[in-house]
Amino acid sequence: MLLDYNFKNYNYRLFLYVLLLNILGVLVIRSATNQDMSVVGKQIMGIVIGCAVVAGLSLLDYHKVVSAAPAVYGFCIAGLLAVLLFGVSRGGATRWLVLPVIGQIQPSEFVKIGLIVFFAWFFSKNQEQFNRLPVLAAAAGLYLIVFFMIYKEPDLSTGLVTMMVFAAMLFVGGLSRRWILGGLAVCVSFGILFVYLLQYDMVPFLHGYQARRILAFINPAEYAEANLQQRNSIMAIGSGMLQGKGLNNNTLASVKNGNFLSEEQTDFIFAVIGEELGFIGCALVIILIALIVYECLVMAARSRDMAGRLLCVGLATLLAFQSFSNIAVATGLFPNTGLPLPFISYGVSSLMSIYFGIGIVLNVGLQRKISNH
């Protein structure tokens, strides 16, 4: 099979952008953790293993991966169920499993990629009858099972990421205009009702801390305490100005030494980037992420079939929305959501899952359709 590939089509640029972000991420994690080499070592090990995964998956025909989609969906359900039954709790949430040899993992991170693979198979399989109610109802039901299990952890932010990915794949799959307009009408109506009920603490599916985060975003003056982390993050980013204070700075006024933020190596790592690498560092991160998303979309446009197109668009949406959400939280544009910044934040589960996705879409690009020109 390897001999059938034209390696001139291999997207080395995408792999280079990913490696550059990973290198930058290791440097920032090292600084954010005050040079805790155990944390840095785990991240480096994740990158090394991830590169091997990318190399292997990029040479595996993506049609074989897509054909295993029902089994992938089963593993997603099994992983989430195991978390709910046997998971490790931390900070009021149960999102992790401890496995022999492997150690602690977060199954919901891998579920993001699993859903992309599954719905690439499901939508391409039902392409001719895509807009029929039974097909859309089945897709919605299969998605909502996973969403509900993620929500029960609770991990609403990851659930929202999967929702955006699902919506983007529906659109690319060929959702008709009437379904899109009807869905938008429902979403707008629900959004207005949600904001109204939220003010009176009448939203049944939100936990208390989740409601406070949203209310702090809507009315920061009244919920100043809940908004403290984001205010500190904005000040840290602003204090870096153009060139930043430099990596590994040890001043008491820094976010990592002054205890102004929690989880600065994960959720608020963009604040550390802004403070220590300044506007230049922030712009570099955003440009590299944008280039990765762009390359995924280019490969989608050149894909040989619908399944390949859906895989690329699904990963592009995941990276774009999750990156935007993390940066938007750090800069006060979104309520606090607790999402990692792809390729940058510490977290081997998040890193490895995205590497799986990168490997699969690289194979899609390797099998691009033949131009007529």
Side-chain angles (χ1 to χ4, degrees), residues 29 33 36 38-39 42-43 46 71-118 141-166 194 198 201 203-217 226 229-230 261-269 318 321-322 325-326 329 334-342 345-357:
I29 289 169
T33 58
D36 185 340
S38 66
V39 172
K42 288 179 183 178
Q43 190 77 354
V72 170
Y73 183 82
F75 278 117
C76 290
I77 296 296
L80 293 174
L81 186 61
V83 169
L84 295 176
L85 295 176
F86 314 111
V88 175
S89 297
R90 191 171 68 206
T94 305
R95 302 174 186 173
W96 301 271
L97 282 177
V98 177
L99 302 178
V101 182
I102 296 175
Q104 183 172 287
I105 66 166
Q106 187 173 347
S108 61
E109 292 292 339
F110 296 94
V111 167
K112 295 174 187 176
I113 304 300
L115 284 179
I116 291 172
V117 171
F118 176 74
L142 290 165
Y143 167 72
L144 287 174
I145 291 171
V146 174
F147 178 85
F148 179 74
M149 295 178 78
I150 294 173
Y151 164 76
K152 290 294 290 182
E153 293 184 358
D155 193 359
L156 184 59
S157 54
T158 296
L160 292 175
V161 171
T162 63
M163 188 179 294
M164 289 298 297
V165 170
F166 180 67
F194 174 82
L198 184 66
D201 195 22
V203 180
F205 54 84
L206 281 185
H207 295 269
Y209 73 93
Q210 294 170 333
R212 283 193 300 275
R213 286 177 178 179
I214 299 172
L215 287 169
F217 174 75
Q229 294 238 48
Q230 286 179 287
L261 291 174
S262 62
E263 307 297 336
E264 57 266 24
Q265 75 275 17
T266 53
D267 301 348
F268 282 96
I269 200 164
L318 168 62
F321 182 72
Q322 185 163 317
S325 297
N326 178 279
V329 167
F334 266 15
N336 195 345
T337 57
L339 286 169
L341 184 59
S345 293
Y346 171 70
V348 177
S349 291
S350 174
L351 189 65
M352 290 298 298
S353 68
I354 295 177
Y355 266 130
F356 276 108

> What side-chain hydrogen bond (donor to acceptor under 3.5 Å, both in side chains) pairs are there with at least one residue in residues 78-88, not counting sequence neighbours?
Replying inline: none
>> Between L318 and I113, does the side chain to side chain contact (heavy atoms under 4.5 Å, CB included) criterion hold? Intermediate values first, please.
In response: CA-CA 9 Å; L318 168 62; I113 304 300; 3.7 Å; yes
Taking the side chain as every heavy atom from C-beta outward, state whether [X] and [Y] have any pair of such atoms under 4.5 Å apart.
X    : Y    : result
E153 : L80  : yes
I77  : I145 : yes
F268 : V329 : yes
S108 : M149 : no

> What residue among V161, V165, V146 forms side-chain contact (heavy atoms from CB on, under 4.5 Å) with L115?
Replying inline: V146
>> Tell me whether the rings of F356 and F110 are parallel (<30°), tilted (30 to 60°) or perpendicular (>60°).
In response: perpendicular
> How are the rings of Y151 and F148 set to each other: parallel, tilted or perpendicular (split at 30° and 60°)?
Replying inline: tilted
> What residues form a ring-ring contact (aromatic ring centres under 6.0 Å, His included) with Y346, not counting sequence neighbours?
Replying inline: none
>> If the condition is ring-ring contact (aromatic ring centres under 6.0 Å, His included), which residues does F321 pass it with, not counting sequence neighbours?
In response: none
> Are D155 and T158 close enough that a side-chain donor and a side-chain acceptor fall under 3.5 Å?
Replying inline: yes
> Is it the case that S89 and T94 place a side-chain donor and acceptor less than 3.5 Å from each other?
Replying inline: yes
> So Q104 and R90, side chain to side chain contact (heavy atoms under 4.5 Å, CB included) or not? Walk me through it.
Replying inline: CA-CA 12 Å; Q104 183 172 287; R90 191 171 68 206; 3.4 Å; yes
